[in-house]
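Here is the structure we will look at.
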Amino acid sequence: MHLTLLKCKLHRACVTHAEVDYEGSCAIDEDLLALSGIREYEQIQIYNVTNGERFTTYAIRAEAGSRVISVNGAAAHKAAPGDRVIICAYASMSEAEAEVFKPDLVYLNEHNRVIRTGDAIPAQAA
């Protein structure tokens with residue numbers, strides 16, 4: 001049996017561009033792609049914390065060091081510059097792999113600078 005687990009995420013990234021007339025996808029600073037483990041052309045889920053929209057697209061590379069998070073094409077209707085988003089990628093793995101797996105979690109500030117990284121989400125308090 002295979003399970004689908006959170007592979008990695010960019011937590012509370014700030015959208016810098018929304019380009020309706022672009023071919024599509026979400027451009028992400030190459031440094032953030034590398035740090036998070038999101039691959040170029042990988043399917044990603046985007047959860048817009050600002051307006052509640054949730055959508056699927058794929059990642060493309062933006063210039064390293066640019067701090068760009070550009071939501072493009074039709075998805076640009078679901079996010080605007082300044083919106084805070086969570087960008088996630090998932091992976092399918094066996095139960096044995098899942099037992100030892102740890103996700104790559106990257107937490108960002110409003111300027112898309114890394115605040116911290118981690119591999120576990122704390123238990124939610126009651």
Side-chain angles (χ1 to χ4, degrees):
M1 179 169 130
H2 273 78
L3 305 169
T4 302
L5 274 67
L6 176 68
K7 180 183 111 176
C8 52
K9 76 173 178 172
L10 293 169
H11 189 80
R12 294 187 60 84
C14 186
V15 175
T16 59
H17 301 79
E19 305 286 344
V20 173
D21 292 324
Y22 191 79
E23 188 175 330
S25 68
C26 180
I28 301 170
D29 179 315
E30 183 175 13
D31 293 338
L32 295 176
L33 288 175
L35 185 61
S36 67
I38 297 171
R39 298 177 59 98
E40 188 170 21
Y41 306 116
E42 182 172 11
Q43 180 177 297
I44 54 175
Q45 300 290 321
I46 299 180
Y47 311 123
N48 191 325
V49 177
T50 303
N51 67 20
E53 291 282 356
R54 300 167 70 94
F55 53 97
T56 303
T57 188
Y58 61 94
I60 62 171
R61 182 175 40 85
E63 182 180 356
S66 65
R67 304 199 197 312
V68 163
I69 302 291
S70 182
V71 181
N72 301 321
H77 294 285
K78 297 181 175 287
D83 285 0
R84 300 302 292 272
V85 296
I86 301 168
I87 302 171
C88 299
Y90 296 86
S92 179
M93 59 191 75
S94 69
E95 290 208 35
E97 291 169 318
E99 285 294 323
V100 297
F101 178 77
K102 299 287 183 187
D104 292 314
L105 311 174
V106 180
Y107 298 84
L108 303 173
N109 70 9
E110 67 276 8
H111 304 291
N112 292 330
R113 295 185 190 279
V114 177
I115 299 170
R116 65 185 168 92
T117 61
D119 65 6
I121 298 171
Q124 185 170 337

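Quick note: residue numbers are just sequence positions, from 1. Worth saying up front: this structure is predicted, and the values here are computed from it rather than measured.
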Practice task
Give a yes or no answer on whether the side chain of D29 reaches the backbone of S66 with a donor-acceptor pair at less than 3.5 Å.
Solution key: yes
All side chain to side chain donor-acceptor pair (under 3.5 Å) counterparts of [X], not counting sequence neighbours:
X: T57; result: none
X: Y22; result: none
X: T56; result: Q45

Exercise for the section: Sequence neighbours left out, what passes side-chain contact (heavy atoms from CB on, under 4.5 Å) with A64? Give chain and number order. Expected result: E30, D31
Handout entry: Test side-chain contact (heavy atoms from CB on, under 4.5 Å) applied to A34 - qualifying residues, sequence neighbours left out
Key = none
Practice task
Report yes if some heavy atom in the side chain of P103 is under 4.5 Å from a heavy atom in the side chain of L5; otherwise report no.
Solution key: no
State plainly whether one hydrophobic cluster holds both [X] and [Y], where clusters connect Ile, Leu, Val, Met, Phe, Trp and Tyr through side-chain heavy atoms under 4.5 angstrom apart.
X: V114; Y: V85; result: yes
X: V71; Y: Y58; result: no
X: V106; Y: I44; result: yes

Handout entry: Residue pairs, two or more places apart or on separate chains, that pass salt bridge (Lys or Arg N to Asp or Glu O under 4.0 Å) and touch residues 36-63
Key = K7-E42, E40-R61, E53-K78
Practice task
Provide the full list of salt bridge (Lys or Arg N to Asp or Glu O under 4.0 Å) pairs with a residue in residues 117-126, sequence neighbours left out, each pair given once.
Solution key: none
Exercise for the section: Return each pair, listed once, that meets ring-ring contact (aromatic ring centres under 6.0 Å, His included) where at least one residue sits in residues 25-50; pairs must be two or more places apart or across chains. Expected result: none
Problem - Sequence neighbours excluded, every pair satisfying ring-ring contact (aromatic ring centres under 6.0 Å, His included) that has a member inside residues 69-104 - result: none
Completion exercise
All heavy atoms of N48 vs all of T50, minimum pair found to be OD1-N, 2.9 Å
Practice task
Kindly give the heavy-atom pair with the smallest separation between S36 and L10, and that separation in Å.
Solution key: CB-CD2, 3.8 Å
Interatomic distance, [X] atom [atom1] to [Y] atom [atom2] [nearest 0.5 angstrom]:
X: L108; Y: I115; atom1: CG; atom2: CD1; answer: 7.0 Å
X: I38; Y: L33; atom1: CD1; atom2: CG; answer: 6.0 Å
X: E97; Y: E95; atom1: CD; atom2: CD; answer: 11.0 Å
X: I46; Y: C88; atom1: CD1; atom2: SG; answer: 9.5 Å

Do any side-chain atoms of residues 13-20 form donor-acceptor pairs under 3.5 angstrom with protein atoms, and if so which ones, sequence neighbours left out?
{"from": "T16", "atom 1": "OG1", "to": "I69", "atom 2": "N", "distance (Å)": "3.0"}
{"from": "T16", "atom 1": "OG1", "to": "I69", "atom 2": "O", "distance (Å)": "3.1"}

Practice task
Report the C-alpha distance between I86 and H11 in whole Å, list the side-chain angles of each, state the deciding distance to 0.1 Å, and finish with yes or no for side chain to side chain contact (heavy atoms under 4.5 Å, CB included).
Solution key: CA-CA 5 Å; I86 301 168; H11 189 80; 3.7 Å; yes
Handout entry: All pairs passing side chain to side chain donor-acceptor pair (under 3.5 Å) where residues 103-117 contributes a residue, at least two apart
Key = none
